[in-house]
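Here it is: the structure, laid out below.
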2 protein chains.
Amino acid sequence: MRRMTARPANAHQARLLRLLRDHGPNSRAQLGDRIDLSRSKLAVEVDRLLETGLVVADGLAASRGGRRSHNVRLAPSLRFLGIDIGATSVDVAVTNAELEVLGHLTQPMDVREGPVAVFEQALALAGKLRASGVAEGFDGAGIGVPGPVRFPEGVPVAPPIMPGWDGFPVREALSQELGCPVMVDNDVNLMAVGEQHAGVARTVRDFLFVKIGTGIGCGIVVNGEVYRGTTGSAGDIGHIQVEPDGRPCACGNHGCLEAYFGGASLARDAEAAARAGTSPELAARLAAAGSLGAPDVAAAAASGDPVALDLIRTGGTRTGQVIAGLVSFFNPDLVVIGGGVTGLGHTLLAAVRTQVYRQSLPLATNNLPIVLGELGQAAGVTGAARLISDHLFSPA
Amino acid sequence: MRRMTARPANAHQARLLRLLRDHGPNSRAQLGDRIDLSRSKLAVEVDRLLETGLVVADGLAASRGGRRSHNVRLAPSLRFLGIDIGATSVDVAVTNAELEVLGHLTQPMDVREGPVAVFEQALALAGKLRASGVAEGFDGAGIGVPGPVRFPEGVPVAPPIMPGWDGFPVREALSQELGCPVMVDNDVNLMAVGEQHAGVARTVRDFLFVKIGTGIGCGIVVNGEVYRGTTGSAGDIGHIQVEPDGRPCACGNHGCLEAYFGGASLARDAEAAARAGTSPELAARLAAAGSLGAPDVAAAAASGDPVALDLIRTGGTRTGQVIAGLVSFFNPDLVVIGGGVTGLGHTLLAAVRTQVYRQSLPLATNNLPIVLGELGQAAGVTGAARLISDHLFSPA
DNA sequence: GAGACTTTCTCCTCTCCGAGGACAAAGGGC
DNA sequence: GCCCTTTGTCCTCGGAGAGGAGAAAGTCTC
């Protein structure tokens, strides 16, 4: 099948495409209400979009008391591919032009295997999705990687947990492989975008998305747009110090947040507790599985294990300490907590909230919701699809 | 004298005014090089600006190899008033349209006396400047206050160190009093803007301006624009915790940065050292003056007093701790240190630098200059003038 | 010092965009 | 079936702005 080649010719067309993406099929009259354009101009631009094939007619709308208007919608054959490469897994999803997830596959994987091996797996998953019939091809792809990215070029820079990726031309390579436009960003940024598009952050302009997974990172949204910093490493909060002269961290410093919390240290602490015999529950799980992870701690906590609960609470408190600082500094509308360990759920959230509300100034916390993400695993891939659609639905 | 009433009629005129503000007098031909407009359009817009009186002819430019071009410049009679209200002083300056400071007065003052008393003093200083002949009237005024501001309305909100100002309609009142447009912002934000306009931050888009004065605050510039947060309290970093369960702070928490450093605690620590007898130098100064302040510590340090040096170093280290976290989070192009205690100078700077470079990740610090502000006392008033000029030089 | 070349400035024309009105088409309600 | 409302199409008109022609005002070379 021939894929999308057209792009909006001007800012008006771009706006129309985004309206149709975000609000679904719409009548021409409704579009007129949402956009500040004369009817004549609007008709011209919609007709041009119909010609390009990006938009198709979609029957008649219900009457609003007079002549029925013609519906239009984004081409139903458009497909975006969202790829979320985590430290230990890869997620691939296919969406339509309205960014609804039509198919989603996950697979465990170690990012340290390097870009070639990881791409092979991601492309295999994409192929599987295509074979399942949800897509015949892709009009664009977004991909998130667990490290800093030089955004304009789509190239990872100095990623600590994925050394083999440094400077690898992700955008270029994937674009070649898939034969469609590709955009690359940090995975946490994309999760933030995902929650902004379809999750809890739909209505706010300035918010933080804190991901607690293998590592801890933060997506920063300013004025509705992701802020990436000078070198693309903004939001790298895992190595903020929470304990002067504290535990040594893999980064070479002492007392970093990640040395105390996050998937890796949580697993380490849980195993230590199991071996020390303070938690029979965790010990049993360790004996059964040979190793422990965040899900084990979550399960143990759910069954009331005090050691597991304590691990989550102190971790949440430490995370809350850092977030409190960020809230004072950034004064956001909203803080979203997401990532793999949200299985720890409300125990974690409660600890974070307590700490933030206690430690930040009232003016910044008065109307500050701190909530869990709504999209879970889908946040990253949704954000990825949104990233590429934003790119494609902008003037050429 | 009649004051400026005209405003640019469109975005082109606004851009031309800003070009003339930032680059000084310019020939029409040069303006053509700097702006993307056809010669005909440019001529029309410049002529219209000449008609409004915002811009005046300014003789002939030097030849660039052919016919000499006509110079234009912003009306030389335009005057902006910049007011910087600190915790313990008020600064007032007059600038021309190019934001050059033509006169500058400072006066000690306690902001807790309340808005009415403070305005009286500020207006008296403005009157003095007018009497000295640098201005006949003001075309606009910018004012900075030491607390959070609801920016669109120009009203302080819940300012901790100036309770009497909460909700006081600063913009409205001052505009009435002066008979010209007024814009209000947090004083630290304005110092950041000042350094951006005429100081060290001229060439960067994303930077932090850390002010260490009576309190400690931070101006955040994203994409060339001040970021103020949802409630206008962004950058309030004085109450970020640096020491879990540390010293009690005036805000009710423990271990805040301001409990350890900043003008107030520096004075307290210095007096304690003087009384304890560990520093003869400080003791002598205390005996002479009855109390100590940051300048005393600076002087003692300059003459080699080890206790004073140590106070500055540990304060710098603590500040560096916080800045290190912000740098990891925000990944700026540049960090500027300014405010009253820059008299502490390079001892302070060195301590901050050491801590930040040690504690933040290499990718964020590799090309990160940390420097002292260039403008000193003039940063705030320059930023204030820039604020109002940005407002006036924008399409109506 | 005269002529040739450059740069600047002023008109003028021509095109394009988009607003908005007139009118036709299509539907609802009584 | 009649009248009102909404939607869609067509047309005209005004304004914005690009770009060319040519005059005006310099510099530079010989």
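Throughout, protein chains are lettered first and strands after them, A, B, ... in sequence-line order, and every chain is numbered starting at 1. Note that the structure is predicted; figures quoted are calculated from it, not measured.
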Test B/Arg386 against every option in B/Gln196, B/His197, B/His391 by the side-chain hydrogen bond (donor to acceptor under 3.5 Å, both in side chains) rule and name the one that passes.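 Per the side-chain hydrogen bond (donor to acceptor under 3.5 Å, both in side chains) rule, the option paired with B/Arg386 is B/His197, out of B/Gln196, B/His197, B/His391.
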Between the base of C/dG20 and the side chain of A/Ser40, is there a donor-acceptor distance below 3.5 Å?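 Pair found.
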Provide, to the nearest angstrom, the distance between the CG atom belonging to B/Leu37 and the P atom belonging to D/dG19.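 Taking atom P of D/dG19 as the reference, CG of B/Leu37 is at 12 Å.
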Closest approach of B/Thr382 to B/Ala198 (non-hydrogen atoms, all atoms of both residues):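 Looks like CG2-CB, 4.4 Å.
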Report the residues that fulfil salt bridge (charged side-chain N to carboxylate O under 4.0 Å, His left out) with A/Glu374, sequence neighbours left out, ordered by chain and then residue number.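 For A/Glu374, the residues satisfying salt bridge (charged side-chain N to carboxylate O under 4.0 Å, His left out) (neighbours in sequence not counted) are A/Arg202.
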Tell me: NE2 of A/His70 to P of C/dA26, nearest whole Å?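 Computing the A/His70:NE2 to C/dA26:P distance gives 8 Å.
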How would you label the contact of A/Ser69 with the nucleic acid (heavy atoms, under 4.0 Å): base, sugar-phosphate, or nothing?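 Here A/Ser69 touches the backbone only, sparing every base.
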Set of salt bridge (charged side-chain N to carboxylate O under 4.0 Å, His left out) partners for A/Arg171, sequence neighbours left out: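 Scan of A/Arg171 (salt bridge (charged side-chain N to carboxylate O under 4.0 Å, His left out), adjacent residues dropped) gives none.
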Atom pair distance, as rounded to whole Å: CG in A/Leu50 and P in D/dG8: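 Rounded to whole Å, this separation is 12 Å.
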Separation of D/dA18 P from B/Leu42 CG (nearest whole Å):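 It is 10 Å, rounded to the nearest whole Å.
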Its contact letters, B for base, S for sugar-phosphate only and - for none at protein heavy atoms under 4.0 Å, make nucleotides 21-30 of chain D read B-BBBBS---
Selection: residues 17-35 of chain B, any non-hydrogen atom under 4.0 Å of DNA chain D: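 Close to the strand, none.
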Taking the basic N atoms (NZ, or NE/NH1/NH2) and the acidic carboxylate oxygens, is any pair closer than 4.0 Å for B/Arg48 and B/Glu45?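 Yes, charged N to carboxylate O under 4.0 Å.
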For B/Gly194 against B/Leu375, the heavy-atom pair lying closest together: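 Residues B/Gly194 and B/Leu375, closest heavy atoms: O-CD1, 3.3 Å.
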Identify, with sequence neighbours excluded, every residue that meets side chain to side chain donor-acceptor pair (under 3.5 Å) alongside B/Ser38.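 Partners of B/Ser38 by the side chain to side chain donor-acceptor pair (under 3.5 Å) criterion, ordered by chain and then number, come out as B/Ser40.
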Which pair of heavy atoms, one from B/Arg18 and one from B/Ser394, lies closest together, and at what distance?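 Taking every non-hydrogen atom into account, NH2-CB, 3.6 Å.
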Send over the distance from A/Arg64 CZ to C/dG27 C1', rounded to a whole Å.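 Going from A/Arg64 (CZ) to C/dG27 (C1'), I get 14 Å.
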Under the salt bridge (Lys or Arg N to Asp or Glu O under 4.0 Å) definition, can you give me all pairs with a residue in residues 20-35 of chain A, not counting sequence neighbours?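 Output for this query lists A/Arg21-A/Asp390, A/Arg28-A/Asp47, A/Asp33-A/Arg64.
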A/Asp47 has an atom CG; how far is it from atom P of D/dT9, in whole Å?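 Value for this atom pair: 7 Å.
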